[in-house]
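Written below as structure tokens is the structure these notes are about.
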Amino acid sequence: MPQNSDFNQALLDFDKNHIWHPYTSLTNPLPTYPVASAKGVRLKLADGKKLIDGMSSWWTAIHGYNVPELNTAAEVQMKKMAHVMFGGITHEPAIKLCQKLVEITPAGLDKVFLADSGSVSVEVAMKMAIQYQHSKGKSQRHKFMTIKGGYHGDTTGAMSVCDPEGGMHHLFSKFLPEHLFIDRPIKQFHEQYESEELSRLEQFFRLNSDKCAAFILEPIVQGAGGMWFYSPDFLKKIRQLCNENDMLLIADEIATGFGRTGKLFACEHAEISPDIMCLGKALTGGYMTLAATLCTKEVADVVSDGEAGVFMHGPTFMGNPLACAIANKSLELLLHSNWQNRVAKIERQLKNELVPMAVALSVKDVRVLGAIGVIEMKDPVDVSKAQKFFVEHGVWIRPFRNLIYVMPPYVISEDDLRILTTAMVEFINP
Ligand SMILES: *Cc1c(COP(=O)(O)O)cnc(C)c1O
């Protein structure tokens with residue numbers, strides 16, 4: 001347990017014995033670090049120690065923490081209303097947000113469903129695709145194609161298209177629907193495909209598309225499934241094959257959206273538009289849970305004219321005004337922040353400071369794209385040992401499996417980023 005003088009040991013004991021943390025055991029819990037507050041790129045622990053944040057709280061806190069403009073947006077909205085139902089009611093924060101999302105997302109994405117978390121936005125996308133095919137009289141198209149090594153969330157529909165091994169599909173095999181997985185693209189981001197290498201995809205579509213509603217993927221960056229950056233050629237080919245085989249393309253940009261990969265949306269690397277797009281994570285700058293599923297007019301029209309006559313989904317907290325107001329301010333901050341330069345600068349520095357680690361004996365690969373830096377180790381990393389090391393070195397980095405990676409807030413300074421990369425280097429080369 002982290003030692004901290006002020007924080008009540010009884011509280012930590014309760015946490016350890018009663019509270020599930022993400023993907024943890026309650027019989028063998030890993031240590032947790034009490035955070036008292038956060039500002040800029042620093043988390044302040046209960047014992048007063050400050051840590052430079054390398055995780056952006058899982059891709060979300062792109063502007064850092066305790067951002068005055070976002071605080072004000074929240075306060076102003078709270079005094080009007082924190083929440084109101086979205087059934088039969090609308091409000092300015094939601095309308096403004098949807099207008100902005102339609103404006104900045106790839107061409108054709110025209111209709112917006114506001115969801116309450118990333119996983120829910122994926123469920124919504126999958127249900128849209130099923131309703132779309134059903135309305136077209138193709139109800140036999142009820143499966144999804146996807147890529148191994150993907151991550152789309154933890155609810156059951158989303159989980160069924162996550163990597164089968166990482167998602168432990170065998171554990172849930174009687175419960176989860178079975179979908180069709182193709183191998184992870186072999187070519188990395190900067191590599192090009194020969195056309196023959198992609199022809200095996202044509203074969204796969206030929207054999208399977210008549211039972212598939214859509215292809216769902218994370219464009220360019222596979223995040224929580226393995227931090228893999230793949231070639232835009234592959235994404236272009238999938239777009240083409242979906243068109244040729246009457247399948248929809250669902251782009252899950254929950255992690256990649258809002259500039260993280262160097263483009264506002266990762267689909268832009270391949271110059272494609274999906275039929276359906278999921279957004280979440282950085283949407284509110286890390287303040288509140290909020291997500292969105294966008295689709296084309298064609299998808300919306302076909303769904304709306306189908307047997308149900310409506311799209312069959314409507315969460316209680318749909319379009320939460322407080323979250324929408326914060327998202328509006330976060331997007332305004334982002335779009336006026338010269339984020340392209342900031343992300344490009346982070347990318348250059350990550351390359352300079354991490355790529356030399358590729359020669360280390362324990363390192364398998366080093367990859368950098370936009371404001372994401374990944375060191376893939378040959379062997380799995382002991383997470384609690386690594387966390388302890390990083391906390392002692394004044395940084396917050398949380399590896400998973402054999403991956404030590406950072407995706408800092410875009411506002412991080414050169415010096416603070418160097419403290420992060422130095423800690424990574426020292427962990428690997430003590
Ligand atoms: C995090 C993530 C999700 C799930 O979002 P939650 O808000 O955790 O439900 C889905 N897809 C991708 C690509 C993600 O990174």
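Counting starts at 1 for both ligands and their atoms, in listed order.
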Note: Trp59, heavy atoms under 4.0 Å from ligand 1, region reported as neither
At what distance is the nearest protein heavy atom to atom 7 (O) of ligand 1, and which residue and atom is it?
-> Gly118 N, 2.9 Å
Counting from 1, what ligand 1 atoms have a heavy atom of Tyr151 closer than 4.0 Å?
-> 1 (C), 2 (C), 3 (C), 11 (N), 12 (C), 13 (C), 14 (C)
Charged N to carboxylate O below 4.0 Å: is that the case for Asp163 and Arg184?
-> no
So which of Glu197, Glu202, Glu244 actually passes salt bridge (charged side-chain N to carboxylate O under 4.0 Å, His left out) with Lys237?
-> Glu202
Below 4.0 angstrom, N of the basic side chain to O of the carboxylate: do Lys143 and Glu178 qualify?
-> no
Enumerate the atoms of ligand 1 whose separation from the nearest heavy atom of Gly153 is less than 4.0 angstrom.
-> 4 (C), 10 (C)
Please report which non-hydrogen protein atom sits nearest to atom 2 (C) of ligand 1, along with the residue it belongs to and the distance in Å to one decimal place.
-> Lys281 NZ, 2.6 Å
Subset of ligand 1 atoms that lie under 4.0 Å from at least one heavy atom of His152 | 10 (C), 11 (N)
Rounded to the nearest 0.5 angstrom, the SG-CG distance for Cys267 and Leu249 is 7.0 Å
Which protein non-hydrogen atom lies closest to atom 11 (N) of ligand 1, naming both residue and atom, and how far is it?
-> Asp252 OD2, 2.7 Å
Any atoms of ligand 1 less than 4.0 Å from a non-hydrogen atom of Glu218? List them with their elements.
-> 13 (C)
Separation between OG1 of Thr261 and CD of Glu268, rounded to the nearest 0.5 Å = 8.0 Å
Please write down residue, atom name and distance for the protein heavy atom closest to atom 8 (O) of ligand 1.
-> Ser119 OG, 4.3 Å
How many angstroms lie between CG in Leu51 and NZ in Lys44, if you round to the nearest 0.5 Å?
-> 12.0 Å
Validation row: Asp252, Cys278 side chains within 4.5 angstrom (heavy atoms) | yes
